2 protein chains.
Amino acid sequence: MNVESKSQQAYRFIRDRIDDGRYVPGYRLVLGQIAGELEVSVVPVREAIRRLEAEGLVTFERNVGAQVALIKETEYLHTMQTLSIVEGAATALSAPYLMPEHLRRAREINERMRRSLDDFDPHRFTELNLEFHAVLFEECPNPHILDLVHRGWNRMRMLRDSSFSFVPGRARESVAEHERILDLLERGADPLEIELAARSHRTATLDAMLAYQAKHKHPHPEPLAATESRMP
Amino acid sequence: MNVESKSQQAYRFIRDRIDDGRYVPGYRLVLGQIAGELEVSVVPVREAIRRLEAEGLVTFERNVGAQVALIKETEYLHTMQTLSIVEGAATALSAPYLMPEHLRRAREINERMRRSLDDFDPHRFTELNLEFHAVLFEECPNPHILDLVHRGWNRMRMLRDSSFSFVPGRARESVAEHERILDLLERGADPLEIELAARSHRTATLDAMLAYQAKHKHPHPEPLAATESRMP
DNA sequence: CTGCTTGCGATCGTATACGATTTCGCCGCG
DNA sequence: CGCGGCGAAATCGTATACGATCGCAAGCAG
């Protein structure tokens with residue numbers, strides 16, 4: 001009965017293709033073409049693209065057209081930094097609501113992450129990584145914060161290939177940090193301590209990436225207040 | 001030459017009316033009616049409303065229509081909590097980039113806030129309050145975070161009447177807290193200290209509101225992890 | 001009187017049509 | 001050979017049209 005609206009359908013269509021990499025950043029979204037593939041008219045497609053634009057996944061230029069958002073490096077760093085903050089907060093806020101069951105599941109996922117490392121399966125690793133944090137956020141009392149976290153993840157997913165795998169050794173540290181966060185949660189540590197641990201879990205990744213890139217590619221990707229936000 | 005697109009025009013039209021209170025929360029947005037007032041067709045109006053929906057200012061129900069978002073109390077609290085986090089972070093991130101000139105202007109605005117209190121001008125007070133924080137964020141190196149702050153402010157503005165004025169005495173405390181934040185910035189305090197000060201500046205308002213409401217209206221607006229996020 | 005059904009008006013959702021704008025290749029000129 | 005202008009094709013932006021859906025009120029049965 002209640003079939004989803006065509007604009008919703010178009011939204012999902014495009015969104016799926018962005019998510020799974022068929023539409024790479026920079027890919028030109030031509031209204032008529034997408035409308036043709038979907039067998040709908042251009043109006044719903046325009047709405048869908050507008051929505052994607054508001055979410056930051058797509059850029060839209062008047063009379064020119066839309067394309068999958070190109071994330072510049074500094075943009076990427078800013079998103080990482082923002083993520084570190086909202087993820088840290090979300091973890092701390094969720095802490096009081098996490099049951100032993102959640103922690104058990106999280107540990108189990110983390111174990112699988114460790115194993116995926118031994119199997120050299122980076123794709124599986126990043127997938128499990130998302131799952132891990134998703135478990136921690138399941139009981140987050142503030143859906144707003146959660147929304148911000150998801151926005152950040154979407155953004156990140158668009159560059160999935162420039163994630164962990166690019167910094168040798170970082171993944172293993174990541175697993176260890178997960179362990180530490182779980183320990184803090186388990187013993188009901190101070191929320192601030194949890195927040196900072198979760199935050200630096202992400203900023204450590206960021207810093208590792210910066211260091212790695214500085215050594216291997218550009219001399220300086222651009223100074224950022226990232227490290228200043230790290231807080232010891 | 002390059003007149004703004006009609007959908008942009010419609011967006012601004014609606015947005016203005018929401019901002020200045022002509023469209024109150026719950027106000028029903030009828031496509032044809034708005035299109036008529038603007039002398040455009042419904043298609044651009046739909047796009048505008050979709051965008052407002054993505055920004056959270058408007059809710060849209062299929063085959064029923066759009067209305068200015070009704071913010072429930074818990075929603076409000078969540079937004080405040082989120083704001084406390086992102087504002088705190090934004091303040092800390094901006095700290096290294098603030099020149100004495102900025103601090104001077106901020107102090108001056110804060111003084112005017114104090115005076116507006118003596119004149120019993122709450123509208124002016126809230127206006128200056130935004131200005132104050134805007135100055136602190138002028139040099140924020142992370143536009144992402146800033147964007148989140150602005151989103152939060154938009155949300156808040158929709159309930160402007162339930163802000164400071166409802167908690168007697170809170171405004172004066174707020175001025176004092178501004179002073180304290182400025183002091184921390186001036187002496188180049190630890191970023192974490194600045195962040196927590198800015199954060200608790202907002203959560204203090206939240207807590208004051210909750211306490212006030214608990215005493216005067218409802219027994220319990222609903223428990224929230226707010227105080228847990230406050231962090232001493 | 002109450003509750004369910006039915007029909008109508010209001011409004012939404014989308015297709016189609018067409019003018020407006022941009023892009024890009026082609027041509028002539030320097 | 002390069003470059004500036006011109007024209008056609010591609011694409012966008014919006015108006016209009018019309019079917020689809022919802023809400024509400026009137027009518028009918030119990």
Side-chain angles (χ1 to χ4, degrees), chain A residues 1-18 22-72 158, chain B residues 1-18 22-72 158:
Chain A
M1 176 81 253
N2 192 6
V3 286
E4 66 179 347
S5 72
K6 307 219 173 172
S7 66
Q8 182 66 16
Q9 194 181 328
Y11 173 81
R12 287 248 310 265
F13 181 88
I14 303 171
R15 176 62 189 270
D16 282 351
R17 264 140 240 260
I18 293 178
R22 269 177 291 178
Y23 289 175
V24 297
Y27 183 90
R28 178 90 191 281
L29 300 173
V30 179
L31 294 188
Q33 179 186 316
I34 294 174
E37 285 185 57
L38 269 165
E39 298 186 307
V40 301
S41 80
V42 295
V43 180
V45 177
R46 279 181 64 83
E47 273 184 25
I49 286 182
R50 276 289 208 260
R51 180 164 158 201
L52 288 160
E53 185 194 16
E55 291 173 8
L57 293 178
V58 160
T59 59
F60 200 104
E61 197 180 344
R62 165 142 196 206
N63 276 324
V64 174
Q67 62 175 30
V68 180
L70 283 165
I71 301 196
K72 296 192 307 295
M158 294 177 60
Chain B
M1 178 80 259
N2 191 7
V3 286
E4 66 179 346
S5 71
K6 309 219 172 174
S7 65
Q8 183 66 17
Q9 194 180 326
Y11 173 82
R12 287 247 311 266
F13 179 87
I14 303 172
R15 177 61 188 270
D16 282 351
R17 263 141 240 259
I18 293 178
R22 269 177 291 178
Y23 289 175
V24 297
Y27 184 90
R28 178 87 191 281
L29 300 173
V30 179
L31 294 189
Q33 178 186 317
I34 294 174
E37 285 184 56
L38 270 166
E39 298 186 309
V40 301
S41 79
V42 296
V43 179
V45 178
R46 278 179 67 82
E47 273 185 23
I49 287 183
R50 276 288 207 256
R51 182 165 157 200
L52 288 161
E53 186 194 14
E55 292 173 5
L57 293 178
V58 161
T59 57
F60 200 104
E61 198 180 343
R62 169 142 199 222
N63 275 322
V64 173
Q67 62 175 28
V68 179
L70 282 165
I71 303 196
K72 294 191 309 295
M158 294 178 60

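Everything numeric in this text was worked out from a predicted model, so none of it was measured.
Over its full length, the helix from C:dC1-D:dG30 to C:dG30-D:dC1 turns its helical axis through 10°, comparing axes from the five pairs at each end and rounding to 10°.
The shortest side-chain heavy-atom distance between A:R12 and A:E4 falls under the 4.5 Å cut-off. A:E47 places none of its side-chain heavy atoms less than 4.5 Å from the side chain of A:R51. Between A:F13 and A:E37, the closest side-chain pair of non-hydrogen atoms falls below 4.5 Å. The closest side-chain heavy-atom distance from B:L31 to B:I49 is below 4.5 Å.
A:R15 pairs by the side-chain contact (heavy atoms from CB on, under 4.5 Å) definition with A:Y11, A:D19, A:L52, A:E55, A:L57, A:N154, not counting sequence neighbours.
The nearest pair of heavy atoms linking B:R28 to B:V64 is NH2-O, 2.5 Å.
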What's touching nucleotides 11-14 of chain D from the protein side, N or O pairs under 3.5 Å?
{"unit_1": "D:dC12", "atom_1": "OP1", "unit_2": "A:L31", "atom_2": "N", "d": "3.4"}
{"unit_1": "D:dC12", "atom_1": "OP2", "unit_2": "A:L31", "atom_2": "N", "d": "3.4"}
{"unit_1": "D:dC12", "atom_1": "O3'", "unit_2": "A:N63", "atom_2": "N", "d": "3.2"}
{"unit_1": "D:dG13", "atom_1": "OP1", "unit_2": "A:N63", "atom_2": "N", "d": "3.1"}
{"unit_1": "D:dG13", "atom_1": "OP2", "unit_2": "A:R46", "atom_2": "NH1", "d": "2.2"}
{"unit_1": "D:dG13", "atom_1": "OP2", "unit_2": "A:R46", "atom_2": "NH2", "d": "3.4"}
{"unit_1": "D:dT14", "atom_1": "OP1", "unit_2": "B:K6", "atom_2": "N", "d": "2.5"}

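Side chain to side chain, A:R50 and B:S7 meet the donor-acceptor criterion of an N or O pair below 3.5 Å.
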